[in-house]
Structures are given as C-alpha cells and as structure tokens.
Amino acid sequence: MRIVLGVSGGIAAYKAAELARSLMRNGHQVQVVLTRAAEEFIRPLTFASLTGQKVITDLFSSASPEAALSSSVEHIGVAQEHDLLLVAPATANLLAKFAHGLADDFLSTLYLAFRGPVVLAPAMNNNMWSHPATDANLKTLRDRGHMIVDPDDGYLACGTYGPGRLAEEAKILAAVEQALQPKVLDLDGETILITAGPTQEALDPVRYLTNRSSGKMGYALAEAATVRGAHVILVSGPVALAPPTGVEVVRITTAAEMRDAVFANLEHTTVVIKCAAVADFRPSTEAKQKIKKTAARVSLELDPTPDILAELGRKRGNWLLIGFAAETENLREEARRKLETKNCDMIVANLVGQNSETGFESDANEVVLALRTGEFLPLPKASKREIAEQILNQILKLRK
Ligand code: PMT
C-alpha cells in the first residue's frame with residue numbers, strides 16, 4: 001500500500017525514521033512529508049536516503065514559476081495517489097490544525113484533500129496532552145473516524161513523567177494495518193451494549209473491593225463491533241484503556257451504577273454482551289472516614305450486588321443476551337448452568353486464574369461458546385481482538 005508519513009516538529013521526530021523503515025519492511029511504499037518545525041529536529045536527507053523518495057517539505061517551490069505552479073497543486077496529487085495518511089509524531093499544534101481545517105503548509109493542505117484512512121500518533125508534554133483544548137481537538141478527530149494511537153507513559157523531553165511519549169512502534173504499525181483492512185460492515189444497523197472492566201465497591205473513602213479485570217476483552221469486542229458498523233454503547237468500569245474510536249462510553253464505578261447504566265440504555269439495543277467482571281459482593285456499610293488500622297482482627301460484612309445479567313434474563317426484550325462465565329474449574333458445566341439460570345442466548349466461558357496468558361489482564365484469551373442448542377464451540381487461544389471477532393461472527397449467526 002502507499003502511505004504518506006507526515007512528521008511534525010517534536011523531539012520524537014527522529015523515531016519516524018525507524019518507523020518509515022518498518023513500514024517499508026511491511027511491504028508499503030512511503031512518501032514522507034515534513035513540516036517546517038520537523039526539519040528543525042531531523043533532516044529531509046535522512047528520510048530521502050531511507051525511502052528512496054523525494055521528501056516533501058514545502059507547499060510552494062521557489063525554484064521557478066513553473067515549478068511553483070506544479071508544486072502548489074502537488075498536495076492534491078499526493079492525496080489521490082496514497083491509501084493512508086499517518087502522522088507520527090503528531091504535535092498538539094498539528095492536531096489543532098487538522099481538527100479545525102487550517103491549511104497553511106503541505107501536510108495540513110494534504111490532510112484536507114485526503115479521503116482515505118487517517119492514523120495519528122500524538123507525542124507531546126503531558127500537560128499539553130491533558131489540556132482541555134487538546135482533548136477537544138482529539139474528540140473532533142476521533143468523531144471524524146480517525147484512528148488515534150494514544151501516547152505511552154514515560155519520561156518526557158521536559159524531564160517530567162506521564163502520558164505524552166510517542167506510542168511504541170509496534171502499536172503504530174498495528175494501527176496502520178488495522179486502518180488498511182477492507183471494511184466489512186456486517187453489523188451495520190445493530191446497537192450493541194457491551195459491559196467491560198471491573199466494578200469497585202467502596203469500603204471507606206480510600207479502599208474498595210474489586211477484581212483483576214483490565215477491560216481488554218470488553219474493549220476488544222467494542223472496537224471490533226464498531227469497525228464492523230455497529231453502534232456500540234460501552235458501559236465501562238474503571239480501566240486504564242483508551243476507548244475505541246467511535247464508541248459511546250458510559251463510565252461507572254459500582255455494580256449498582258452499572259446496572260442503572262445498562263437498563264437506561266436498552267431502548268435501541270439489539271444485542272447485550274455482559275463481559276464485565278462485576279463484583280459479586282459489596283461492603284454492607286461504607287465508612288465515612290478512613291477505617292483506622294488497629295492490632296485487632298477486622299471482619300467484613302458483605303451484601304450481594306445486583307446480578308445484572310440475571311435481571312436482564314428475567315426481563316428479556318427484543319435483544320440477544322450474551323453472558324460471560326469466568327471459572328476456575330468445570331468450565332462447560334458452569335457455562336451451561338449460567339446459560340439456563342440467567343436465560344441467555346449464549347455464554348462465553350473462559351478459565352481464569354490458571355495462567356497469565358489468557359483470562360484476566362492478558363492480551364490473549366481462549367474460550368468456549370455455550371449455545372442453547374446444547375452445543376459447545378471451543379475457540380482456541382488467540383488475541384482478544386481475534387476472539388472478539390469470532391464471538392461477533394457467532395452473534396451474527398444467532399441474529400439470523
Ligand atoms: O477484562 P479482562 O482483563 O480482559 O478479562 C476478561 C474477563 C476474564 C473479565 C472476561 O473474559 C470475563 O470472563 N468476564 C466475565 C467475568 C465474570 O464476572 O464472570 P462471572 O462468571 O462471575 O459472571 C457471569 C456473568 O454474570 C458475566 O456476564 C457477568 O458480567 C454477569 N454478572 C455477574 C455478577 C453480577 N453481579 N452481575 C452480572 O451481570
């Protein structure tokens with residue numbers, strides 16, 4: 001594929017050279033466009049030597065009137081000839097220009113003329129990253145359907161620690177490959193409500209009961225469903241993940257809040273997927289002040305939380321109901337029991353606590369789908385994104 005790699009002016013600009021090489025190693029042709037500020041950090045010759053292509057830096061060439069005329073429309077040609085626009089690093093200034101449609105140099109002009117997928121990998125100081133202006137610009141760009149590869153936490157050029165460091169190269173390359181995938185919109189018209197992550201049940205102002213759910217499985221489902229055309233409502237417990245592009249997110253903390261959020265969003269829902277690891281118990285009382293440490297033994301009194309899946313199973317509407325089962329033994333028996341007692345259309349069952357490669361927190365999973373026909377469909381170990389795609393394939397079959 002033909003990729004435009006835009007580089008804007010930040011300290012991470014030097015990392016774009018290695019990125020250009022990796023894109024080429026993955027079989028892509030790379031056309032580099034540098035902003036004027038990027039040239040302060042890295043010379044065009046570096047990219048020209050790596051890619052074997054002329055590097056574009058100026059909107060207007062001053063060489064001759066003819067050259068000036070042809071270069072003044074070059075951005076249109078470059079926009080038409082390429083399959084994807086990637087900007088890495090994308091500075092706060094560049095995000096603002098893209099968000100507001102300012103076109104005062106080659107890269108920003110190219111952006112307005114470009115009609116293909118856009119991937120942006122921001123890098124900046126942590127305060128600039130969390131500034132409401134940057135936040136609003138990112139929201140605009142996400143809503144426009146662009147893929148944002150969120151920066152990593154780390155030590156920044158200014159000496160502080162926090163979010164703002166250009167994402168690892170592997171994440172940027174994965175986003176590029178994902179953005180280049182042909183879109184199959186087989187979930188167009190569906191509204192899928194997905195719960196993800198843990199809940200937290202407060203014991204006092206500083207302590208709570210929770211579990212090890214990272215949200216990765218639920219977020220993978222949300223991302224896969226959106227890419228396939230569904231409108232996704234993601235009811236999410238507290239997790240450290242950025243929500244996938246285009247997903248409507250409802251943030252909650254407790255099981256009771258999750259219950260209310262789920263029931264408030266059922267009206268247009270066609271499929272409910274209960275992937276969240278809801279805490280089964282909450283402290284019977286929440287202390288107003290921090291409970292003091294003493295030498296004495298302390299006992300906790302716990303009340304059950306609302307069983308949201310069971311309540312949905314009793315209510316049954318015009319939607320498919322997909323539950324999860326996290327088990328440490330008897331996977332299939334427990335999956336079958338939950339399918340029946342919670343009145344679901346399918347249970348996605350996974351073993352947890354056995355190893356660190358699947359289940360909680362890991363990037364991969366291995367599950368068994370329990371169906372109402374009595375069948376079990378095992379899905380061998382794969383990335384959570386791949387497992388999510390296969391769960392959605394099965395949901396499509398159930399819809400039909
Ligand atoms: O988030 P990750 O780190 O990626 O990990 C993924 C996962 C292991 C959390 C996920 O794959 C998973 O198994 N989710 C379900 C976890 C769970 O709570 O399972 P359970 O067997 O305890 O609950 C059965 C079902 O009832 C689940 O759909 C659960 O959402 C639902 N439930 C449970 C309790 C409760 N009070 N209300 C509920 O709705």
Side-chain angles (χ1 to χ4, degrees), residues 192-223 225 232-244 247-266 269 271-288 290-291 298-315 319 321-328 334-335 338 341-344 347-353 358-363 365 367 384 387-388 391:
I192 306 190
L193 192 157
I194 300 171
T195 68
T199 66
Q200 295 175 350
E201 313 297 329
L203 181 58
D204 69 15
V206 297
R207 304 181 179 98
Y208 51 78
L209 296 183
T210 189
N211 58 63
R212 288 172 42 206
S213 171
S214 63
K216 286 181 186 173
M217 188 68 244
Y219 276 54
L221 278 160
E223 182 164 289
V232 174
I233 304 169
L234 178 63
V235 178
S236 174
V239 296
L241 302 174
V247 164
E248 184 182 334
V249 186
V250 184
R251 293 185 197 281
I252 56 86
T253 303
T254 66
E257 288 168 5
M258 180 172 280
R259 184 213 163 272
D260 291 349
V262 166
F263 280 87
N265 282 285
L266 283 179
T269 293
V271 182
V272 180
I273 309 179
K274 284 287 295 101
C275 181
V278 187
D280 287 318
F281 301 99
R282 63 168 171 238
S284 303
T285 50
E286 181 183 340
K288 291 259 176 310
K290 183 179 169 193
I291 300 169
V298 176
S299 300
L300 280 183
E301 195 171 323
L302 303 175
D303 287 334
T305 54
D307 189 326
I308 308 164
L309 185 61
E311 196 176 339
L312 287 165
R314 285 194 296 276
K315 181 180 165 81
W319 20 264
L321 182 56
I322 315 298
F324 267 68
E327 309 297 339
T328 53
E334 285 305 310
K338 284 179 182 169
T341 57
K342 300 199 184 197
N343 195 19
C344 297
I347 286 282
V348 182
N350 45 194
L351 282 171
V352 291
T358 57
F360 285 115
E361 294 172 312
S362 56
D363 290 327
N365 211 357
V367 306
K384 282 185 173 165
I387 295 284
I391 293 170

Of all heavy-atom pairs between [X] and [Y], which one has the smallest distance, and what is that distance?
X	Y	result
P205	A287	CD-O, 3.4 Å
A196	G215	CB-O, 4.4 Å
G218	I194	O-CG2, 3.8 Å
P306	A256	CG-CA, 4.2 Å
T305	A279	OG1-O, 2.6 Å

Is there a donor-acceptor pair closer than 3.5 Å between any side-chain N or O of [X] and the backbone N or O of [Y]?
X	Y	result
N211	A277	yes
N365	T358	no
E201	A255	yes
N350	A325	yes
D204	I291	yes
T199	V278	no
T328	V352	no

Qualifying residues under salt bridge (charged side-chain N to carboxylate O under 4.0 Å, His left out), relative to [X], sequence neighbours excluded:
X	answer
K384	none
E248	none
E286	none

Does [X] reach the side chain of [Y], with side-chain heavy atoms less than 4.5 Å apart?
X	Y	value
M217	V367	no
V232	L221	no
P244	L234	yes
P198	V239	yes
K216	L241	yes

key: Pair S236-Y219, side-chain donor/acceptor within less than 3.5 Å   = yes
Looking at [atom1] of [X] and [atom2] of [Y], how far apart are the two atoms once the value is rounded to the nearest 0.5 Å?
X	Y	atom1	atom2	result
I233	T269	CD1	OG1	4.5 Å
L312	D307	CG	CG	9.0 Å
I391	I322	CD1	CD1	9.0 Å
K342	I347	NZ	CD1	7.5 Å
Q200	Y208	CD	OH	4.0 Å

task = Would you please name every residue forming a side chain to side chain contact (heavy atoms under 4.5 Å, CB included) with F281, sequence neighbours left out?
result =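 Scan of F281 (side chain to side chain contact (heavy atoms under 4.5 Å, CB included), adjacent residues dropped) gives L302.
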ask   = Any side chain to side chain donor-acceptor pair (under 3.5 Å) pairs touching residues 272-283, not counting sequence neighbours?
value = T195-K274
request  = Please list all pairs passing the salt bridge (Lys or Arg N to Asp or Glu O under 4.0 Å) test where one or both residues lie in residues 249-264, with sequence neighbours left out.
outcome  = R259-E311
key: Verdict with reasoning, L193 to V235, per side chain to side chain contact (heavy atoms under 4.5 Å, CB included)   = CA-CA 7 Å; L193 192 157; V235 178; 4.1 Å; yes
message = Does L309 form a side chain to side chain contact (heavy atoms under 4.5 Å, CB included) with L321? I'd like the steps, not just the answer.
response = CA-CA 8 Å; L309 185 61; L321 182 56; 3.7 Å; yes
